[in-house]
Each structure stands twice: as structure tokens, then as C-alpha cells.
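Here the structure comes first, spelled out in C-alpha cells, and everything after it is commentary.
Excluded from the calculations below are hydrogen atoms, water molecules and symmetry mates; all remaining heavy atoms, backbone and side chain alike, are included. When a residue number appears, it is its place in the shown sequence, counting from 1.
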Amino acid sequence: MDSRLLSERSRVFERADPYAVSGYVNQHVGSHCIRLPAAGHPQASLNHRKFANLDLCRISYGGSVRVTSPALETIYHLQILLSGHCLWRGHKQEHYLAPGELLLINPDDPVDLTYSDDCEKFILKMPIGLLESICEEQRWQRPNPGVRFLRNNYRLDELEGFINLLAMVCQEAEASDGLPRVQEHFAQIVASKMLSLMQTNVSRESLGSQTASFERILDYIERNLRQDICTEALAQQASMSQRSLYGLFERHLGMTPKHYIRQKKLERIRACLADPSCNVRSVTELALDYGFLHLGRFSETYKALFGELPSDTLKRRGL
């Protein structure tokens with residue numbers, strides 16, 4: 001496959017005991033265990049470079065080896081199949097990787113891979129913190145549980161320029177006069193490209209775009225008016241603190257999120273009461289549908305906002 005991804009200058013093991021290679025991988029690339037076939041004497045090879053806070057690895061076990069791990073916990077693994085084939089077993093799915101395919105393993109994904117005898121891989125190990133720092137720097141939105149790749153498998157020709165970027169990184173990693181600051185820049189570029197080229201749970205719409213962010217929050221409220229929308233859940237949905245959420249509503253509407261949600265619920269109820277095509281059995285039932293449990297207080301709030309009782313709105317629909 002691609003000979004540019006770590007040359008023999010990075011060779012650590014050649015025709016070695018697979019368990020010795022596995023021990024090295026456990027120390028530098030990710031915790032795992034291997035199961036070898038009962039017969040035969042496979043010989044493993046490994047190239048490895050540390051590059052800023054990344055680890056670059058080119059590995060072959062020389063036999064049909066099964067690699068398993070409960071989860072990688074603090075790291076992402078990006079694996080490119082260079083030769084042979086590899087069976088990946090994921091959650092309720094499995095896929096045979098062919099040369100030129102890429103596999104992404106999230107930190108909380110269990111690892112279950114079976115290598116063919118002639119399988120060789122390039123592996124990039126990336127810490128959680130690097131992807132999170134890119135999101136913070138770019139002000140991209142990510143859910144509180146953290147960055148997650150939603151699609152695990154790609155062909156390299158789907159990811160424009162990505163293999164060339166990795167080749168540049170490997171070349172820089174093997175340079176005799178490599179500069180730490182340059183390596184850090186390259187690592188950040190790789191992380192940024194992964195977030196921009198691949199499907200993730202990250203919204204790359206800048207948090208600085210307050211109008212777009214606010215419109216998305218309002219749309220969420222509009223679609224969930226029958227639900228009990230607390231400010232904590234709304235802040236989580238918007239990937240911001242409650243304090244930031246309150247500031248956003250104050251700047252745009254001059255009211256609190258709670259006040260706005262209550263007002264939108266009342267407007268929806270009024271629209272339904274006034275619409276003859278809307279099936280309303282009683283004001284009480286409609287109020288309860290929208291979470292107003294104290295009916296006397298509901299009527300008072302409704303009248304203060306619209307100048308009439310909800311029952312009056314319902315009566316007028318027949319006029």
C-alpha cells in the first residue's frame with residue numbers, strides 16, 4: 001500500500017516474537033491482548049515514532065492474530081489497512097477491511113480485530129485532549145460526553161488529501177532535525193482534518209455565530225413545547241453553561257429562558273384554542289398537555305398575557 005507511512009528508519013522490531021511486539025504496543029500505542037493460532041511461528045514487525053502527543057505505528061503480526069481490548073478510554077485509534085485484510089467487529093456490526101480502508105475507534109468502543117496472515121496496518125494514536133482543544137480553539141460545539149466519530153469506516157479516496165497529510169507527518173517524524181513546535185502544528189492539523197473530513201457529533205458552526213446558535217435553541221424549544229424543558233437540559237442541548245444560556249436570552253430577547261418557554265407554551269395554547277380545526281376537549285386538558293399543573297395560576301398568567309381568560313378564547317372560536 002503506501003510506503004510513505006513510516007519507513008524502515010522507524011523500525012523497532014523485525015521478524016520478532018508477536019508477544020514482544022504486543023508488549024511494546026501495550027506500552028506505547030494502546031492496551032490490548034492478542035491471541036495467536038495454535039500452530040505455526042508467526043514473525044511480527046513494528047515501526048514506531050512518537051510525534052508531539054501522537055503515536056505513529058506500522059505493524060504486522062505475520063499470522064492470523066485476534067486483537068481485543070475492552071476500550072481505549074483516553075485515546076482514539078485511526079487505523080489504515082496497508083495489505084491483507086482485517087475483520088473488525090463493532091456494536092452489532094462487522095466489516096472486512098481491505099487495503100486502502102480506514103477504521104476509526106472511539107475511546108469507549110471495545111476493540112475486536114482479526115488480522116490475516118499478510119495483514120499490515122498503519123495506526124495513529126490520538127489523545128482525547130487534542131481533539132477537544134481543537135474544538136475549543138475553533139469554538140466548535142460538541143456534546144458534553146465528548147467528541148465521537150459517528151462513522152467508523154472510510155475509504156481513503158473519500159478523504160481528500162488525508163493520506164498525503166499523514167505521509168507528510170511521517171516524513172517529519174523521521175526527520176533528524178525535527179522541531180517540537182512544528183510537530184505540534186502538524187498534530188493539530190491532523191486533528192482538525194479528522195474533525196472536518198469525517199462524520200462526528202461536533203457541530204463546526206462557530207459558537208461565535210450567536211444568531212445561528214440562538215436560532216437552533218429556539219427551534220429546539222418550538223419542537224418540544226409539550227415537554228418539560230428545564231434550563232439545565234436546554235443548556236446541555238446547546239453545549240453551553242446555564243450562565244451563557246441566560247446571557248444569550250437576555251441579549252436577544254430581554255427575558256430568561258424559563259419566561260420565554262412559558263410564553264411560547266401559552267402562545268401555542270392560545271393558537272389551538274382559537275383554531276376551530278384544533279380538537280380541544282377542555283381548557284384543563286390542553287393546559288395539562290403543556291405542563292401547566294396549577295390551573296388557577298395558568299388562567300391568571302394567560303389573562304395577563306392576552307387580556308382574556310382561556311375559556312373566553314375558546315368561546316370566541318365559534319363566533
Side-chain angles (χ1 to χ4, degrees), residues 91-92 106 108 132 135-136 138-148 150 199-319:
H91 179 63
K92 296 183 179 179
N106 291 298
D108 58 346
E132 291 181 341
C135 291
E136 291 173 6
Q138 298 295 328
R139 304 197 74 194
W140 291 343
Q141 300 177 66
R142 57 182 173 83
N144 287 337
V147 176
R148 183 171 183 80
L150 304 178
Q199 294 179 19
T200 72
N201 61 354
V202 174
S203 170
R204 291 187 291 114
E205 180 182 85
S206 172
L207 284 170
S209 176
Q210 292 288 355
T211 301
S213 298
F214 192 60
E215 287 177 356
R216 188 168 53 252
I217 295 169
L218 298 187
D219 179 66
Y220 175 81
I221 292 172
E222 193 71 26
R223 288 184 287 106
N224 293 276
L225 280 176
R226 287 179 179 266
Q227 308 303 318
D228 182 17
I229 310 173
C230 66
T231 53
E232 182 180 359
L234 192 59
Q236 185 175 1
Q237 177 71 25
S239 299
M240 63 178 64
S241 67
Q242 291 190 62
R243 182 175 180 179
S244 297
L245 182 72
Y246 272 83
L248 199 59
F249 271 80
E250 185 62 37
R251 286 193 300 275
H252 283 268
L253 298 174
M255 65 178 70
T256 66
K258 185 176 180 180
H259 186 179
Y260 175 80
I261 292 167
R262 184 175 65 242
Q263 180 172 307
K264 295 305 290 184
K265 284 176 179 282
L266 290 168
E267 289 175 358
R268 178 73 63 81
I269 290 172
R270 178 177 173 81
C272 194
L273 289 173
D275 183 1
S277 66
C278 184
N279 184 24
V280 179
R281 288 190 289 183
S282 70
V283 171
T284 297
E285 184 178 286
L286 189 60
L288 292 173
D289 281 347
Y290 283 87
F292 292 99
L293 305 181
H294 302 283
L295 299 177
R297 193 180 305 163
F298 159 72
S299 294
E300 291 175 5
T301 307
Y302 186 99
K303 185 175 182 180
L305 184 61
F306 302 117
E308 65 180 7
L309 292 171
S311 55
D312 296 331
T313 307
L314 182 60
K315 288 175 185 176
R316 283 193 302 104
R317 73 152 59 175
L319 299 178

Report yes or no: does N224 contribute a side-chain atom to a donor-acceptor pair with the main-chain N or O of Y220 at less than 3.5 Å?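 Here the side-chain-to-backbone pair exists.
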Looking at E222, is its backbone amide N or carbonyl O close enough to the side chain of R268 to form a donor-acceptor pair, meaning the two atoms are under 3.5 Å apart?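 Such a contact is found between R268 side chain and E222 backbone.
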Could you walk me through whether Y302 and L309 pass the side chain to side chain contact (heavy atoms under 4.5 Å, CB included) check? CA-CA 6 Å; Y302 186 99; L309 292 171; 5.6 Å; no
Got [X] and [Y] here, is their nearest side-chain heavy-atom distance under 4.5 Å?
X	Y	value
L234	Y260	no
L245	I217	yes
F292	R262	yes
C272	L286	yes
F249	L218	yes

Check ion pair D108-R148 (N to O, under 4.0 angstrom): yes
When you check the gap from the basic side-chain N to the acidic O, do E308 and R270 get nearer than 4.0 Å?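 The answer is yes: the pair qualifies as a salt bridge.
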Going from [atom1] on [X] to [atom2] on [Y], what distance comes out if it is rounded to the nearest 0.5 angstrom?
X	Y	atom1	atom2	result
I269	D289	CD1	CG	8.5 Å
K265	I229	NZ	CD1	5.5 Å
S311	K315	OG	NZ	5.0 Å

Counting neighbours of CD on E285 that are heavy atoms of other residues, nucleotides or ligands and sit closer than 6.0 Å, is the number greater than 12?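 Buried by this count: over 12 neighbours within 6.0 Å.
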Decide if atom CZ of R223 counts as having more than 12 heavy atoms of other residues, nucleotides or ligands within a radius under 6.0 Å. yes
